[in-house]
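Start at 1 with the first residue, then count along the sequence. In this text the structure is predicted, and so the values were computed from the model without any measurement.
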Amino acid sequence: MKNNKRVLGIILARGGSKAIPRKNIKDINGHPLIAYTIYEALKSKYLDRLVVSSDDDEIRSISEEYGAEAPFSRPKDLSGDKAKPVECNLHATKWIEDDEGKKYDYVVELLVTNPFKTSVDIDNVIEKQVYTDADSVIAVMPLEDHHPIRIKKIVDGKIRDFILPEVPESRRQDLKPKAYIRNGSIYSMRRDMLEKGIRYGTDNSLAYIMPRERTVNIDEPMDFIIADYLMKKENRIITKVLK
């Protein structure tokens with residue numbers, strides 16, 4: 001890696017989940033959800049260390065079974081619904097840095113809820129992050145049927161353009177400019193951005209475009225059904241780490 005920069009991988013996985021109880025370790029095609037992110041992260045060429053930040057002992061134990069480190073229990077004040085990911089990332093980073101006695105240059109947050117990202121995606125994000133030294137590099141996916149031009153509001157029962165005007169009968173491939181949305185998969189950032197409380201959104205935040213087929217955000221029970229079906233079809237093979 002350029003200039004021997006140090007890169008820390010973090011997976012945030014608290015125990016509480018209202019829409020899908022125990023979501024982070026719920027089974028998908030024979031493995032807990034978190035295992036897919038761990039497995040791909042461990043194949044990365046650039047991550048110097050991979051840690052799971054959780055307040056839940058079962059999640060920590062399962063994470064270790066699949067090869068991740070879970071050396072601390074996340075404090076309660078960072079484990080509720082209102083805890084900000086940037087604060088949890090900073091806590092984990094400082095814990096690891098105190099443990100090692102030296103700092104990291106970049107932090108890469110890998111989200112459990114999108115299990116279809118690959119080690120190639122992770123490494124492509126890290127390469128872009130390090131070689132540009134951007135504030136952050138965020139995984140996104142193209143918006144097609146949900147392009148902003150097709151988003152409407154209702155005023156007195158009547159359909160109105162929300163922001164951009166739509167030309168009637170436009171095909172989705174004609175909609176310009178191309179639109180993208182953060183796909184909840186990978187957030188990479190310079191270490192100093194964490195201290196400022198920033199994960200993304202600056203003028204020097206870059207995009208890494210992922211295809212739609214590697215984006216399934218698991219937020220609702222139906223998302224789990226879809227992800228389980230697709231993972232069975234893909235038949236991605238992962239294993240536990242032998243001790």
Side-chain angles (χ1 to χ4, degrees), residues 12-24 26 28 33 36-37 77-90 109-117 121 125 128 134-189 193-194 196-231 233-234:
L12 302 180
R14 67 186 182 90
S17 178
K18 294 181 178 178
I20 307 174
R22 311 298 289 162
K23 174 172 66 175
N24 289 318
K26 186 176 174 64
I28 284 189
L33 175 61
Y36 293 93
T37 295
D77 63 318
L78 292 176
S79 300
D81 291 341
K82 297 181 180 180
K84 296 179 180 179
V86 68
E87 296 172 340
C88 300
N89 284 324
L90 182 58
E109 180 190 346
L110 303 169
L111 280 74
V112 176
T113 49
N114 189 345
F116 291 92
K117 59 185 166 297
D121 293 317
V125 167
K128 180 173 281 194
D135 292 344
S136 59
V137 178
I138 311 301
V140 302
M141 74 170 194
L143 281 174
E144 296 175 344
D145 286 338
H146 296 91
H147 191 284
I149 285 177
R150 291 187 170 177
I151 297 175
K152 305 299 176 182
K153 59 185 175 181
I154 299 175
V155 180
D156 296 327
K158 299 176 182 178
I159 298 174
R160 296 288 183 261
D161 291 328
F162 196 89
I163 298 177
L164 301 173
E166 180 179 13
V167 177
E169 308 303 329
S170 295
R171 302 175 304 165
R172 68 179 186 180
Q173 56 265 43
D174 296 330
L175 302 177
K176 304 296 180 183
K178 290 185 177 181
Y180 302 87
I181 189 170
R182 299 193 307 275
N183 75 340
S185 184
I186 307 170
Y187 287 76
S188 175
M189 63 217 83
M193 299 308 291
L194 281 180
K196 299 174 183 177
I198 298 173
R199 289 162 78 219
Y200 63 90
T202 71
D203 290 338
N204 192 26
S205 184
L206 304 183
Y208 169 70
I209 302 172
M210 287 178 60
R212 179 67 182 87
E213 60 267 23
R214 292 207 299 277
T215 298
V216 177
N217 278 316
I218 301 178
D219 294 316
E220 303 294 337
M222 180 59 71
D223 301 329
F224 236 107
I225 295 172
I226 294 170
D228 186 62
Y229 169 80
L230 293 175
M231 197 63 78
K233 186 176 180 180
E234 181 179 307

About how many Å separate [atom2] of [Y] and [atom1] of [X], when rounded to the nearest 0.5 Å?
{"X": "R150", "Y": "S170", "atom1": "CZ", "atom2": "OG", "result": "7.5 Å"}
{"X": "R160", "Y": "E166", "atom1": "CZ", "atom2": "CD", "result": "13.5 Å"}
{"X": "D219", "Y": "T113", "atom1": "CG", "atom2": "OG1", "result": "6.0 Å"}

Geometric cation-pi criterion, K26 with F224: 6.0 Å, 45°: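 Output yes; distance and angle both within limits.
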
What heavy-atom pair brings [X] and [Y] nearest, and what distance separates the two atoms?
{"X": "G184", "Y": "N217", "result": "O-OD1, 3.5 Å"}
{"X": "V137", "Y": "A134", "result": "CG2-CB, 4.4 Å"}
{"X": "I20", "Y": "I218", "result": "CD1-CG2, 3.8 Å"}
{"X": "I138", "Y": "R199", "result": "CD1-O, 3.7 Å"}
{"X": "F162", "Y": "K153", "result": "CD1-CB, 3.6 Å"}
{"X": "K152", "Y": "I149", "result": "NZ-O, 3.4 Å"}

Candidates D121, N183, L230, N114 - the one meeting side-chain contact (heavy atoms from CB on, under 4.5 Å) with R214: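 Running side-chain contact (heavy atoms from CB on, under 4.5 Å) over D121, N183, L230, N114 with R214 returns exactly one hit, D121.
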
Evaluation steps, side-chain contact (heavy atoms from CB on, under 4.5 Å), between M189 and I198: CA-CA 8 Å; M189 63 217 83; I198 298 173; over 6 Å; no

Under the 3.5 angstrom rule, does the side chain of [X] hit a backbone N or O of [Y] as a donor-acceptor pair?
{"X": "Y180", "Y": "A207", "value": "no"}
{"X": "R212", "Y": "T215", "value": "yes"}
{"X": "R14", "Y": "G16", "value": "yes"}
{"X": "H147", "Y": "P142", "value": "no"}
{"X": "D228", "Y": "I225", "value": "no"}

Mind checking whether [X] and [Y] have side chains closer than 4.5 Å, heavy atoms only?
{"X": "V86", "Y": "L194", "answer": "yes"}
{"X": "M193", "Y": "S136", "answer": "no"}
{"X": "K23", "Y": "L33", "answer": "yes"}

Heavy-atom neighbours of Y200 OH exceed 12 at 6.0 Å: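 Check fails, neighbour count at 12 or below.
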
Greater than 12 external heavy atoms within 6.0 Å of K158's NZ: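 No, the 6.0 Å shell around NZ holds no more than 12 heavy atoms from other groups.
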
Verdict with reasoning, I151 to H146, per side-chain contact (heavy atoms from CB on, under 4.5 Å): CA-CA 7 Å; I151 297 175; H146 296 91; 6.0 Å; no

Audit row: F116, M210, side-chain contact (heavy atoms from CB on, under 4.5 Å) steps and yes/no: CA-CA 10 Å; F116 291 92; M210 287 178 60; over 6 Å; no

Working for side-chain contact (heavy atoms from CB on, under 4.5 Å), residues L111 and T37: CA-CA 7 Å; L111 280 74; T37 295; over 6 Å; no

